[in-house]
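Before any comments, here is the structure.
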Amino acid sequence: SAQIHLELNQIDKALNDGLKAEQLGSKDPNLYILLAECNLEKNDKVAADNYLFKVKSIAPHLSEIPYLEGLRLLQVGD
């Protein structure tokens with residue numbers, strides 16, 4: 001699964017699995033969290049911002065959001 005790949009630091013596999021799930025119509029907020037995190041790991045800030053926006057619009061209460069926003073802010077200087 002995408003989450004397992006992410007935890008094993010297999011970012012490309014996690015991203016590919018997550019994108020497949022999204023293409024199949026999944027709108028799970030945890031999927032958007034995973035995709036945002038994968039894109040942050042790959043330094044793709046535009047894609048990460050897109051997924052952060054999506055998850056905040058459907059599940060603003062998720063505890064992972066502030067963590068990912070913090071990671072994103074740390075990358076601003078990169």
Side-chain angles (χ1 to χ4, degrees):
S1 94
Q3 187 64 41
I4 292 170
H5 289 305
L6 180 61
E7 290 176 14
L8 294 174
N9 206 33
Q10 298 171 342
I11 305 306
D12 289 329
K13 289 182 180 180
L15 185 58
N16 287 336
D17 287 352
L19 290 172
K20 285 179 190 173
E22 183 183 34
Q23 289 170 352
L24 292 172
S26 177
K27 303 237 186 279
D28 183 343
N30 291 309
L31 173 63
Y32 295 144
I33 291 285
L34 178 129
L35 290 169
E37 188 169 356
C38 286
N39 281 292
L40 283 172
E41 289 288 334
K42 294 183 72 63
N43 210 28
D44 186 342
K45 298 173 184 118
V46 173
D49 286 347
N50 182 42
Y51 288 113
L52 280 171
F53 177 80
K54 284 182 180 184
V55 74
K56 287 194 300 188
S57 69
I58 60 172
H61 62 280
L62 288 179
S63 62
E64 293 90 349
I65 293 172
Y67 168 75
L68 291 175
E69 288 177 326
L71 287 178
R72 172 64 178 92
L73 287 174
L74 290 173
Q75 289 185 339
V76 168
D78 290 356

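Everything numeric here is computed off the predicted structure, so don't read it as measured data.
In this structure Ile58 satisfies the side-chain contact (heavy atoms from CB on, under 4.5 Å) test together with Pro29, Tyr32, sequence neighbours excluded. For Asp12, the side-chain contact (heavy atoms from CB on, under 4.5 Å) partners two or more places apart in sequence, or in a different chain, are Lys42. Not counting sequence neighbours, the partners of Glu7 by the side-chain hydrogen bond (donor to acceptor under 3.5 Å, both in side chains) test are Gln3. Qualifying side-chain contact (heavy atoms from CB on, under 4.5 Å) partners for Asn16, counting only residues two or more places apart in sequence or in other chains: none.
Residue pairs meeting the salt bridge (Lys or Arg N to Asp or Glu O under 4.0 Å) criterion with at least one member in residues 47-66, sequence neighbours excluded: Glu22-Lys54, Asp49-Arg72, Lys56-Glu69.
With hydrogens and angles disregarded, no donor-acceptor distance shorter than 3.5 Å links the side chain of Gln75 to the backbone of Asn43. In this structure a side-chain-to-backbone donor-acceptor pair under 3.5 Å is present from Asn39 to Leu35.
Contact detail for Ala14 and Cys38: the closest heavy-atom pair is CB-SG, 3.7 Å. Considering all non-hydrogen atoms of both residues, Gly18 and Leu34 come closest at CA-CD2, 4.2 Å.
In this structure, Ile65 is not a member of the same hydrophobic cluster as Phe53, with clusters built from ILVMFWY side-chain heavy atoms closer than 4.5 Å.
Side-chain contact between Ser1 and Asp17 is absent, with no heavy atoms from C-beta onward closer than 4.5 Å.
Taken to the nearest 0.5 Å, the CG atom of Leu40 stands 12.5 Å off from the OH atom of Tyr51. In this structure, Ser57 OG and Leu52 CG are separated by 11.0 Å, a value rounded to the nearest 0.5 Å. Atom-to-atom distance recorded for Gln10:CD and Leu15:CG is 13.0 Å, nearest 0.5 angstrom.
Other residues sharing a hydrophobic cluster with Leu8 under the 4.5 Å side-chain heavy-atom criterion for ILVMFWY residues are Ile4.
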